[in-house]
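What follows is a short report on a single structure.
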Amino acid sequence: MLRKLFKFHGGVKPQTNKTQSTTAAIAAVPLPDRLVIPLHQAVGGHPRPLVQPGEHVLKGQRIGGADGNLSSAVHASTSGIVRDVAQAVMPHTSGLTTLSVIIEPDGEDRWCELEKVNYRSTPPDELRDFLRDAGVVGLGGAVFPSYAKLKPGKEGKLKTLVINGAECEPFITCDDMLMRERASDMLKGIVAMRYMLQAEEVLIGIEDNKPEAVASVQAAIRASGETGIEAVAIPTRYPAGGAKQLIRVLTGIEVPHGRRSTDFGVQCFNVGTAFSIFEALEHGRPLISRLVTVAGNVTAPRNYDVLIGTPMDHLVRLAGPRPDTDRYIMGGPMMGVRMPGFDVPVVKATNCVLVGSPALFPAPPPEMPCIRCGECAKACPADLAPFEMYWFSRSKNFGKAQEYHLFDCIECGCCSFVCPSHIPLVDYFRFSKSEIWSREREKESSDGARDRFEFKNFRQEREKQEKAEKLAAKAAATREKVATEGAATPAAADGEAAPKPKPSATDAKRALIEAAMEKARQQKAQVAPKNTDHLAPDVEADIAAIDARRNAAPARAADTPDA
Amino acid sequence: MITALLVMTGIALVLGAVLGFASIKFKVEGDPLVEKIDAILPQTQCGQCGFPGCRPYATAIADGEAEINQCPPGGEEGIRKLADLLGREFKPLSEEHGVEKPKSVAVIDEATCIGCTLCIQACPVDAIVGAAKQLHTIVAAECTGCELCLAPCPVDCITMEAITETVDTWKWRYPVVEIKAA
């Protein structure tokens, strides 16, 4: 049956460079000497470390626990000894460090005890918790925790489940090879997702430059006998693999600004995610490895099944990097980001390690002024006006840039690709976005500070007032007492405060004050710090030192007038 | 003649009544300009401007009693925003009020703290927790870096530490065009 397909606006057709890495089958990677597994690999909260240095871990053992609302667990990729839980450079353009677990493999590669789940007999909430603890995240590049997306929505069911096998970015072929070699397992993952989402139909979108993958998936669907699942070849045009673009091509639904595809009964997952869901449910294996394409400036581009945490140079060495290699890019040439070093680890987001050299990716020609030709707007798959957003980003007029829907930009790079003035538009948009985020964070914290300041002032006023009221009440009571006592016994009750033969009301008052002061002195003397019994001598010494400092402090404060 | 006078008086009375009603009905509480200025100020409540907090400074600016360049934490960007809002000329930060510093948080050296509560009283945003004769500590997320706790500390156990960039707060740099020698 021929399905009617739709078109998305814009897009470009860069050279695909995909055939080089699809000639050989997926290969395994020998264990490296050291695995560096960053704890924060997915969108959401930082997982907290669950292991200590020196501890022995097994393959698949949880080393980072999901923390917070949206967070996903992290696991040991092989068995070995935890050498350290420390800051390590992460695969991020900034070159900043993040808390990572460093594992020295013992070479046994021994699995921990794995727990399988029957998804049909498990309540949906438990199933989602299971997937969260299995560390399953979107492998298309956004690394959004999958469990959070596996909710059928308000209506309790989904119309269309879109599986993204488009893989539009040049050089990258990991999804292609997955579909060719592991289609039937991937399909089982898709069936499980369809069950969880109660989806009516499943559409697997694959760009038509991957006929082998289309054939393989179609064969797997036929062999499984499942109905309502269809592998659809879509025209090759970058970025057909963008979630919104793929949904548009397959269903004709255009997700508008500020809405989500689930509002229209569509949810989208990557083929790699489907495979890792299969692994988690069927075998109980958490996400500890993924397919990574090594391409670019190497003699033998190929796809590898890589353990998370493997250093990139260990992986690239297998593919034979050429001597003029000067950089690694994580991702493809359009959206990829340059790595701060060669030994950064492969993480869940690493779909490709693109090896670069000055010859393969020469520095762009100098940026020329924008001539407002509108080519970028014609190419923009998100229907934006990049030249306007560029203008406002360049002049740091972020409010205006946002008015042009800067945050709908998917950073696909089409605008930079077509720009005749060689303007790195996406760099400007990324700059603008992070500036806006930082301003929002600052705004939030300053609003918080204002509230706290105002509340503190209010509290101080209230305390002052309460104290004044209390004092007034007490003074009234005292006056009354003095008046009655003075009238009853003119010789003032307290013996020591009655030196004069005829005490007046003021003397009685003074006596009361002195009695109160004496009481306060006694109370002060009685106050003793708690928890001071049975202390170790060093703690007692510490306490003595602190007491000495405390006694010395007022004297010092008096010495230095500005203190 | 009489009719014209009557008509004009009538119109004047009606319009006067409408205006009078409007001035009661749509009365604006407080100065809306103060709110706008206060929103620009960084809310550190540090008092470096010479006023006891950001809001009093905002009020002083609105009343024309203070210059717009007295807020070091707001920095040059803050002055530019104020200049834009108020239609005043941009001025560099006044030196007598301090210099722009990187954002930082206060840290209490727990070994030296004697638990005197002086810093707790000084903190304008209640970001220090502790009690008499008990160790104090700073809630880093709430600390505005105003440095008001430094002076009262009798044992000098509080230091300011600059906030370092993390992956979550990292920002993409402004694209710089490299100029090559011809």
Side-chain angles (χ1 to χ4, degrees), chain A residues 38 40 46 90 92-98 363 366-367 393-394 396 423-435 437-439 441-443 445-457 459-460 527 529 542 545-557 560 562-563, chain B residues 38-46 52-56 58 73-74 77 80 103 111-116 118 120-121 123-127 132-135 139 141-146 150-157 164-180:
Chain A
H40 188 226
H46 287 248
M90 67 182 292
H92 188 266
T93 328
S94 63
L96 290 168
T97 57
T98 187
E367 182 182 332
S393 298
R394 195 187 149 93
K396 301 183 189 170
I423 300 170
L425 289 138
V426 176
D427 290 358
Y428 282 99
F429 302 154
R430 283 174 173 163
F431 157 75
S432 269
K433 283 183 184 177
S434 59
E435 279 294 329
W437 280 321
S438 123
R439 263 148 235 245
R441 271 195 305 272
E442 265 169 36
K443 177 96 180 51
S445 69
S446 79
D447 282 350
R450 186 188 295 120
D451 290 348
R452 294 176 76 84
F453 178 63
E454 277 167 9
F455 181 73
K456 176 168 176 158
N457 287 346
R459 180 169 55 82
Q460 277 176 334
V527 169
D542 277 353
I546 291 170
D547 274 334
R549 268 205 305 281
R550 189 178 290 129
N551 292 334
R556 238 189 105 244
T560 47
D562 61 335
Chain B
D38 197 38
I40 292 173
L41 296 176
Q43 305 301 324
T44 46
Q45 319 293 353
C46 61
C54 295
R55 209 182 163 82
E77 200 185 317
R80 282 198 192 283
K103 270 202 88 169
T112 324
C113 175
I114 56 170
C116 68
L118 287 177
I120 296 182
Q121 294 161 35
C123 180
V125 290
D126 285 337
K133 293 201 181 181
Q134 305 218 356
L135 178 69
V139 186
E142 307 289 356
C143 176
T144 64
C146 67
L150 297 189
C153 179
V155 290
D156 286 343
C157 71
T164 50
E165 219 170 25
T166 65
V167 177
D168 294 328
T169 59
W170 181 78
K171 293 191 277 187
W172 282 88
R173 305 290 183 263
Y174 188 71
V176 181
V177 187
E178 276 176 46
I179 299 169
K180 280 185 199 159

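Just so it is clear: chains get the letters A, B, ... in the order the sequence lines come, proteins before strands, and each one is counted from 1.
Taking CG from A/D451 and CD from B/Q43, the interatomic distance works out to 9.0 Å, rounded to the nearest 0.5 Å. Rounded to the nearest 0.5 Å, atoms CZ (A/R549) and OG1 (B/T112) are 5.5 Å apart. Here the straight-line distance linking atom CD1 of A/I546 with atom CG of B/L135 works out to 8.5 Å at 0.5 Å rounding. Atoms OG and OH, on A/S434 and B/Y174 in that order, are 13.0 Å from each other to the nearest 0.5 Å. Here the CZ-CG distance, from A/R441 to B/D168, works out to 7.5 Å after rounding to the nearest 0.5 Å. Separating the OG atom in A/S446 from the CD1 atom in B/I40 is a distance of 11.0 Å, to the nearest 0.5 Å.
Looking at A/R459 and B/D126, a side-chain N of the basic residue comes within less than 4.0 Å of a carboxylate O on the acidic one, giving a salt bridge. Salt-bridge check for B/E77 with A/K396: failed, with every basic side-chain N at 4.0 Å or more from each acidic carboxylate O.
Residues A/H92 and B/W170 approach most closely at CE1-CE3, 3.4 Å, considering heavy atoms. Shown here for A/A449 and B/V125, the closest heavy-atom pair between the two residues is O-CG1, 3.5 Å.
Using a 4.5 Å cut-off between heavy atoms, A/R430 touches chain B through backbone and side chain atoms alike. With a threshold of 4.5 angstrom between heavy atoms, B/T144 approaches chain A through side-chain atoms but not through N, CA, C or O. In this structure, chain B has a heavy atom under 4.5 Å from the backbone of A/S393, while its side chain stays farther away. Of the atoms belonging to B/P52, it is backbone heavy atoms, and not side-chain ones, that fall under 4.5 Å from chain A. Residue B/A141: no heavy atom, backbone or side chain, is found under 4.5 Å from chain A. Proximity to chain A involves both the backbone and the side chain of B/P124, based on heavy atoms less than 4.5 angstrom apart.
Most heavy-atom pairs under 4.5 Å with chain B: of the set A/Q460, A/R452, A/M90, this distinction falls to A/R452.
No side-chain heavy atom of A/H40 sits less than 4.5 Å from a side-chain heavy atom of B/V167.
No donor-acceptor distance shorter than 3.5 angstrom exists from the side chain of A/K433 to the backbone of B/W172, with no hydrogens or angles considered. Between the side chain of B/R55 and the backbone N or O of A/E454 there is no donor-acceptor pair closer than 3.5 Å.
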